[in-house]
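One structure below.
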Amino acid sequence: MKLTILGGGGFRVPLVYGALLGDRGEGRVTEVVLHDLDAGRLSAVTRVLAEQAARVEDAPRVSATTDLDEALRGADFVFSAIRVGGLEGRAEDERVALAEGVLGQETVGAGGIAYGLRTVPVAVDIARRVARLAPDAWVINFTNPAGLVTEAMSRHLGDRVIGICDSPVGLGRRIARVLGADPNEAWIDYVGLNHLGWVRGLKIAGRDELPRLLADPDLLGSFEEGKLFGVDWLQSLGAIPNEYLHYYYFNREAVRAYQQAEKTRGAFLADQQARFYDEVGAPGAKALDVWDRTRAEREATYMSENRETAGAGERDADDLSGGYEKVALALMRAIARDERTTLILNVRNQGTVAVLDHDAVIEVPCLVDANGAHPVSVAPLPEHATGLVCSVKAVEREVLAAAESASRTTAVKAFALHPLVDSVNVARKLVEGYTSVHPGLAYLK
């Protein structure tokens with residue numbers, strides 16, 4: 001079975017390959033094709049994968065190419081993890097937004113809109129090529145903003161594109177762990193959009209244990225989200241939000257922390273990864289060791305400004321292991337082998353969340369089998385969540401419309417309508433700023 005990884009020179013690719021190395025049995029991936037526009041990055045990541053596979057019998061074959069059509073042709077699965085504009089583009093997204101006093105995070109607020117406007121046209125081109133060159137392939141999208149990009153691709157691929165994210169997985173795992181339960185045996189009642197969702201229940205052996213957690217201040221304050229949001233706020237919500245909701249609930253504090261930081265997250269990662277690729281390319285370098293060390297630093301500093309604002313301290317060691325590669329492998333196994341499972345995924349709504357239309361991509365538990373991912377019926381969103389979800393989905397639709405029409409006016413509308421921008425004048429300045437620094441936005445007229 002052939003897996004094509006778009007963004008194959010990306011830093012997190014070894015996580016996916018590591019998961020494949022542990023997979024055995026019929027219907028497993030036997031060939032991995034890495035595609036990237038940067039041949040140097042492809043070479044570096046290929047060296048890391050070779051060291052990973054050195055002592056693994058019958059490891060999946062790895063090849064690399066800068067030719068997109070060649071990479072896609074004959075693929076069974078396509079894993080999309082591209083970054084249009086690179087980390088330098090992410091740093092610019094943050095810088096332009098913070099200069100106007102608004103959030104520039106890559107998936108939330110102004111930064112997420114800018115990133116989406118750059119990425120959607122590229123993602124749509126990929127979707128069209130997949131439909132032409134590998135019509136039976138399943139596309140697994142991890143490209144951010146994941147929900148928005150998945151929805152853009154679904155207009156050409158239907159339900160054969162599925163978005164994944166490790167945030168809900170990590171949240172459910174933490175809640176189960178603090179309740180003393182096996183995460184693999186817990187049913188997580190999670191609903192929302194990508195990076196905008198809430199855990200409203202966690203059932204173990206048919207019993208919802210979330211009320212027990214919410215009623216115990218010591219237990220509730222003992223894990224990441226309790227430290228990040230505060231016990232009182234979680235009890236007020238009656239739910240556990242995805243960590244990215246910290247940017248909404250504590251927006252002013254987050255913007256201030258990012259403005260005062262020595263470097264934005266994008267600038268930090270750009271510098272860190274530049275060092276990584278340089279080190280891996282050095283004569284005699286142990287590529288896998290360099291990658292492991294860099295990854296540990298990357299994970300430990302994740303959302304550090306938010307945790308500092310909340311006084312949450314360092315991340316727990318158990319939260320540093322990632323997880324999206326496990327979701328990707330479980331998803332591929334379920335489809336390729338009909339190993340039915342339940343995963344929290346980004347899929348078309350199909351009536352699941354009543355306040356959104358059929359084609360809106362949402363993030364909910366799904367039953368996965370050989371026919372794809374099927375969203376599970378969920379209870380209505382609470383009112384406090386409904387307004388936010390509908391508002392952000394409306395912004396996503398304006399981003400899609402702007403990308404399709406190449407309309408600068410519609411792009412301004414997308415920025416202005418976002419609850420974390422809330423100013424038409426600021427929206428105009430943001431569009432002016434972003435189009436001046438991003439060649440990828442030159443299409444907006």
Side-chain angles (χ1 to χ4, degrees), residues 3-17 32-46 49 63-73 75 77-93 105-107 111-134 137-157 160-166 194-195 266 269-270 273-274 276-277 324-325 327-328 331 346 361 396 399-400 403 438-441 443:
L3 168 65
T4 294
I5 302 180
L6 308 181
F11 180 79
R12 300 179 82 178
V13 169
L15 292 171
V16 179
Y17 191 65
V32 176
V33 178
L34 307 181
H35 172 269
D36 204 287
L37 301 178
D38 189 323
R41 288 165 61 97
L42 276 177
S43 177
V45 170
T46 300
L49 304 195
S63 61
T65 180
T66 56
D67 185 319
L68 179 56
D69 286 359
E70 176 188 336
L72 292 176
R73 197 170 284 113
F77 288 94
V78 177
F79 189 87
S80 180
I82 62 173
R83 180 174 289 281
V84 179
L87 284 169
E88 294 77 11
R90 176 177 176 176
E92 290 286 10
D93 289 342
Q105 204 276 337
E106 71 165 336
T107 63
I113 295 172
Y115 190 25
L117 287 169
R118 289 202 312 279
T119 304
V120 164
V122 179
V124 167
D125 178 62
I126 290 170
R128 288 171 173 160
R129 292 186 191 220
V130 170
R132 177 168 52 87
L133 298 169
W138 291 88
V139 176
I140 302 173
N141 178 59
F142 189 68
T143 297
N144 276 326
L148 171 64
V149 172
T150 301
E151 185 163 331
M153 298 182 83
S154 73
R155 295 182 175 184
H156 303 273
L157 296 171
R160 295 192 80 84
V161 57
I162 300 167
I164 66 171
C165 181
D166 49 1
N194 180 240
H195 290 180
L269 291 176
Q273 291 196 20
F276 162 74
Y277 288 106
Y324 87 99
E325 71 283 0
V327 181
L331 177 57
N346 288 267
V361 165
E396 290 184 351
V399 172
L400 293 174
H438 287 311
L441 292 180
Y443 72 91

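Predicted model only: the values in this text are computed from it and were never measured. Along the sequence shown, the residues carry numbers beginning at 1.
Minimum interatomic distance between Asp36 and Gly10 (heavy atoms only, all atoms of both residues): OD2-N, 4.0 Å. Considering every non-hydrogen atom in both Ala91 and Gly266, the closest pair reads CB-C, 4.0 Å. Across all non-hydrogen atoms, the minimal contact from Gly7 to Ile82 is N-CG2, 3.9 Å. Ala71 and Ala75 get closest at one heavy-atom pair: O-CB, 4.5 Å. Between Tyr443 and Leu117 the shortest heavy-atom distance is OH-O, 2.7 Å. Closest approach of Pro145 to Gly112, counting heavy atoms only: CG-O, 3.5 Å.
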* To do: Show your working on side-chain contact (heavy atoms from CB on, under 4.5 Å) between Tyr277 and Arg41 and close with a plain yes or no.
  => CA-CA 7 Å; Tyr277 288 106; Arg41 288 165 61 97; 3.2 Å; yes
* To do: Check the pair Leu400 / Arg155 against side-chain contact (heavy atoms from CB on, under 4.5 Å), numbers first and verdict last.
  => CA-CA 11 Å; Leu400 293 174; Arg155 295 182 175 184; 3.4 Å; yes
* Can you list the steps and then say if Ile126 with Met153 is a side-chain contact (heavy atoms from CB on, under 4.5 Å)? -> CA-CA 8 Å; Ile126 290 170; Met153 298 182 83; 4.0 Å; yes
* Report the C-alpha separation of Thr119 and Leu148 in whole Å, then their side-chain angles, then the decisive distance to 0.1 Å, and conclude whether the side-chain contact (heavy atoms from CB on, under 4.5 Å) test is met. => CA-CA 10 Å; Thr119 304; Leu148 171 64; over 6 Å; no
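Here the NE2 atom belonging to His35 is positioned 7.0 Å from the CG atom belonging to Asp67, to the nearest 0.5 angstrom. For the atom pair CG (Asn141) and OG1 (Thr143), the distance works out to 4.5 Å, reported to the nearest 0.5 Å. Expressed to the nearest 0.5 Å, how far CG of Asn346 lies from CG of Asn194 amounts to 4.5 Å. How far CD1 of Ile140 is from CG of Leu3: 7.0 Å, rounded to the nearest 0.5 Å. Atom CG of Asp166 and atom CD of Glu325 lie 8.0 Å apart (nearest 0.5 Å). Between the CZ atom in Arg90 and the CD atom in Gln105 there is a gap of 6.0 Å [rounded to 0.5 Å].
The residues Glu92 and Arg118 are annotated as not salt-bridged, no charged nitrogen and carboxylate oxygen being separated by less than 4.0 angstrom.
Relative ring orientation between Phe142 and Phe79 is described as parallel, the plane-to-plane angle staying below 30° on a 0-90° scale split at 30° and 60°.
Between Leu6 and Leu68, some side-chain heavy-atom pair lies under the 4.5 Å cut-off. By the 4.5 Å heavy-atom criterion applied to side chains, Phe11 and Val45 are not counted as neighbours. By the 4.5 Å heavy-atom criterion applied to side chains, Arg132 and Asp69 are counted as neighbours. Residues Asp93 and His438 have side chains in contact (heavy-atom distance under 4.5 Å, counting atoms from C-beta outward).
Arg160 contributes a side-chain N or O that, together with a main-chain N or O of Ala137, makes up a donor-acceptor pair within less than 3.5 Å. A donor-acceptor pair under 3.5 Å is formed between the side chain of Glu151 and the backbone N or O of Val361.
Checking Thr107 against Asn144 by side-chain atom types alone, no donor-acceptor pair falls below 3.5 Å.
Put simply, the residue from Thr4, Val16, Ile5 that forms a side-chain contact (heavy atoms from CB on, under 4.5 Å) with Val32 is Ile5.
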